[in-house]
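Inspection log for the structure reproduced underneath, given as structure tokens.
So that the names make sense, note that chain A is the first sequence line, chain B the second, and so on, each numbered from 1.
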Amino acid sequence: MSIYDTLNPEQKEAVLHTEGPLLILAGAGSGKTRVLIHRIAWLMEQGINPWNIMAITFTNKAAGEMRERVDNLVGFGSESVWVATFHSTCVRILRRYIGHLGFDTSFSIYDTDDQKSVMKDVCKRLNVDTKIFKERYLLSVISRAKDELASPLEMELAAGTDFQRKRLAEVYKEYQAQLRRNNALDFDDLIVKTVELFQNCPEILESYQERFRYLMVDEYQDTNTAQFKLISLLAGKYRNLCVVGDDDQSIYKFRGANIYNILNFEQVFPDAKVIKLEQNYRSTQNILNVANEVIRNNRGRKEKRLWTDNVEGEPIVFRLFTNGFEEAEQVIGDIGRHVREGEGEYRDHAILYRTNAQSRLFEEKLIFAGIPYKLIGGVNFYARKEIKDVLAYLKTIDNGRDELAVRRIINVPKRGIGATTLNRVQDYAGAYGISFYDALLRAEEIPNLGRSAGKIIPFTTLIERMRSAVGSLSLTELAKQLLEETGYVKELEAEGTEEAQSRIENIDEFISKITAYEETAEAPDLSGFLEEVALVADIDTLEENSNYVVLMTLHSAKGLEFPYVYMAGMEDGLFPSYMSIASDTPEEDLEEERRLCYVGITRAKRELMLTAARQRMVRGETRYNMVSRFIQEIPEQYLAQTGAKNPLTAAKERPRQDAWQQSKASFRSKPYESQTLTVTKASGLEYTTGDRVRHIKFGDGTVLEITEGKKDYEVKVEFDTAGIKRLFASFAKLRKL
DNA sequence: GGTTGGAAACTTTTT
DNA sequence: GTTTCCAACC
């Protein structure tokens with residue numbers, strides 16, 4: 001029996017189709033990663049050099065997982081397969097060849113904070129009123145332009161006589177100039193510059209076309225135009241391009257993902273083979289039914305319907321709470337109960353929400369309940385002030401042209417160097433056409449600096465000393481010495497506050513991350529470390545073998561699965577977000593929200609609970625939201641609703657449709673009326689005191705006592721083998737014998 | 001040049 | 001409700 005016999009016919013077909021373009025439409029939980037790794041194994045079995053195989057993903061976590069699974073499946077030779085994210089692939093190419101584009105190979109990678117700083121400076125230079133054009137907005141315009149591979153010049157030409165758009169093009173141009181001056185690239189540039197490199201240097205492109213003869217792209221529905229171009233260029237010669245995606249899980253339009261990359265794949269590659277994977281191996285029937293019911297409300301999707309051989313499973317539960325606190329408390333209580341009753345471990349539970357801000361309530365309750373948890377998202381570890389400070393030192397050592405980094409740390413810790421001094425240095429640098437840091441090196445020659453020059457010299461001496469130590473010291477030693485000589489940690493220690501203490505702890509953690517990098521990387525160096533740091537996403541830190549409840553946004557959850565999933569905040573205005581409802585193109589935006597909902601639902605393997613709150617604190621004020629329209633799209637037959645204090649009032653308080661909704665509803669094939677929710681609270685139990693019952697895990701037992709709680713019945717059962725347990729009726733699922 | 005307090009903005013999602 | 005920013009002070 002071969003490893004391919006475990007695949008279903010469609011999966012097998014996808015694995016065996018190795019030559020020419022291939023589009024795999026893989027529904028949620030249909031085993032697409034499995035197909036990809038088997039495909040790699042098959043290619044190698046056909047005698048294809050693993051060196052010629054490339055698999056691209058979006059996150060490091062996905063890449064790491066694929067790498068591991070390929071290693072396990074094929075063993076020898078698999079290490080030569082190129083498995084990496086889009087961004088790290090580009091960085092690796094650019095580190096070699098970016099000289100052709102006039103950058104230095106030790107370029108910095110700017111994160112969102114850095115981008116903002118650059119933009120601020122740009123606005124100042126160009127006299128842009130940031131009250132009218134917010135930096136955030138300007139950056140998003142530029143980012144979208146880059147996603148579409150539009151240069152500042154093209155943007156200017158496209159603007160025509162439109163003054164505002166011309167102005168935007170100007171900003172874009174200046175922003176790029178500033179990045180170049182700093183020898184820096186932003187995230188989007190990593191892709192754009194690689195495409196540019198390939199277009200400018202056909203011989204470099206060809207060498208990579210030869211290298212990557214077999215390409216595979218995961219999460220293809222989230223690629224943007226630039227990424228598509230990159231792939232097309234690479235696959236241009238051999239055309240062995242296999243893309244795997246699910247248009248129903250496209251949730252990154254806001255970030256430039258172009259859904260037409262998947263919808264029009266067959267037009268771009270007319271000879272493409274298309275294979276649909278519709279069998280789901282992950283979820284129960286009930287979960288899948290609900291997912292299908294929700295997603296079918298979207299138009300403009302490739303028709304498919306997921307099915308499964310799995311058991312019907314428990315009904316999906318919807319619970320409406322009075323407020324967010326109660327929601328958090330009950331969800332956490334539910335998880336605690338699950339674990340206590342042995343139905344699962346902490347790691348089996350995930351709480352998903354639309355916005356990061358929602359995590360706080362859950363965190364508080366989790367801490368209170370003493371439940372270990374992992375929060376994904378929010379403030380990135382590497383975005384913390386103290387970490388960014390240390391990183392800025394390292395960047396300065398690595399890339400002297402990164403002015404942003406230099407400016408960040410020149411007065412941290414305090415050296416008495418202020419704005420006036422910096423401006424004079426800046427002027428000098430400008431006058432002589434040298435970098436800011438090089439000007440600092442010549443502090444003594446700069447006129448009007450006076451005593452300030454004496455404050456600058458110790459700083460540059462320190463950096464220079466560190467630079468010369470780069471080769472001889474390990475990165476860990478370098479960082480430690482840096483912290484020692486700058487007195488950064490000492491200053492924090494002197495502060496003595498709780499906050500300073502946590503900063504010190506973060507720095508310690510940072511040091512151990514450097515050590516870990518040195519131990520695992522093939523050829524560790526400073527640039528490599530900085531690059532890795534720049535490209536980690538928060539989701540990459542999720543460890544499957546640690547036992548904790550996971551909290552994250554629905555976006556972060558894509559590609560993951562959990563036995564028990566809680567989707568919190570199912571309220572109109574929150575999810576779907578207010579932004580999508582009030583957008584210029586609500587239909588389109590709501591469809592994306594609906595896909596997000598679909599992604600959330602399909603994360604669940606065994607049980608899914610949807611929750612909402614009648615009132616919720618948003619930005620300090622209480623908001624009253626209606627229950628999410630997505631809940632209303634779920635036929636009642638699949639839902640068990642509990643949580644209402646009184647079933648009758650709950651039914652009455654069922655949110656009424658507003659005018660907008662009603663007008664929408666009249667265009668639907670499936671009217672809302674047929675989908676109303678009725679309360680099917682555990683109103684009648686089929687057993688009573690003294691009855692013999694059976695529990696899925698504890699076996700048979702006798703009911704000792706039933707107490708009616710606010711939300712549920714609490715049943716005390718004496719099990720024959722497991723002893724006396726107190727269970728909640730809606731979760732214990734006791735069956736009368 | 002550094003510190004402090006109060007106002008304003010902020011929240012949709014991220015490599 | 002929280003974080004960030006800026007202006008007026010020291």
Identify, with sequence neighbours excluded, every residue that meets side chain to side chain contact (heavy atoms under 4.5 Å, CB included) alongside [X].
X	answer
A:S151	A:L153, A:E154
A:E329	A:K365
A:A521	A:Y517, A:P524

Which residues satisfy the salt bridge (Lys or Arg N to Asp or Glu O under 4.0 Å) test with [X], sequence neighbours excluded?
X	result
A:D222	A:K558
A:D121	A:R125
A:K455	none
A:E364	A:R360

Contact nearer the 5' end of DNA chain B, comparing A:E593 with A:G416 | A:G416
In terms of the nearest nucleotide of DNA chain B, which residue is placed more toward the 5' end: A:R619 or A:K414?
-> A:K414
Identify all side-chain donor-acceptor contacts of residues 133-141 of chain A below 3.5 Å with residues at least two apart in sequence or on another chain.
from   : atom 1 : to     : atom 2 : distance (Å)
A:S140 : OG     : A:Y137 : O      : 2.8

Quantified in whole Å, what is the P atom distance between nucleotide C:dC6 and nucleotide B:dT11?
-> 16 Å
Using the P atom in both, what is the distance from C:dT4 to B:dT13, to the nearest Å?
-> 15 Å
Heavy atoms under 4.0 Å, any strand shown: does [X] hit a base, just sugar-phosphate, or nothing?
X	answer
A:D188	nothing
A:F58	sugar-phosphate
A:S580	nothing
A:N411	sugar-phosphate
A:A534	nothing
A:T421	sugar-phosphate
A:Y252	sugar-phosphate
A:T85	nothing

ring-ring contact (aromatic ring centres under 6.0 Å, His included) against A:F86, all qualifying residues, sequence neighbours excluded = A:F58
Kindly state which residues belonging to residues 133-141 of chain A come within less than 4.0 angstrom of DNA chain B, counting heavy atoms of the residue only, listed by number.
-> A:K134, A:R136
Closest non-hydrogen atoms of A:F254 and A:H555, given as atom of the first, atom of the second and distance, are CE2-NE2, 3.7 Å
At a 4.0 Å cut-off to heavy atoms of chain A, the contacted part of DNA chain B spans B:dG1 to B:dT15
In terms of side-chain heavy atoms, does A:D147 have a donor or acceptor partner in A:T225 at a distance below 3.5 Å?
-> no
In B/S/- notation, 5' to 3', how is nucleotides 2-10 of chain C contacted by protein heavy atoms closer than 4.0 Å?
-> S--S-----
The single option from A:E386, A:E491, A:E493 passing salt bridge (Lys or Arg N to Asp or Glu O under 4.0 Å) against A:R503 = A:E386
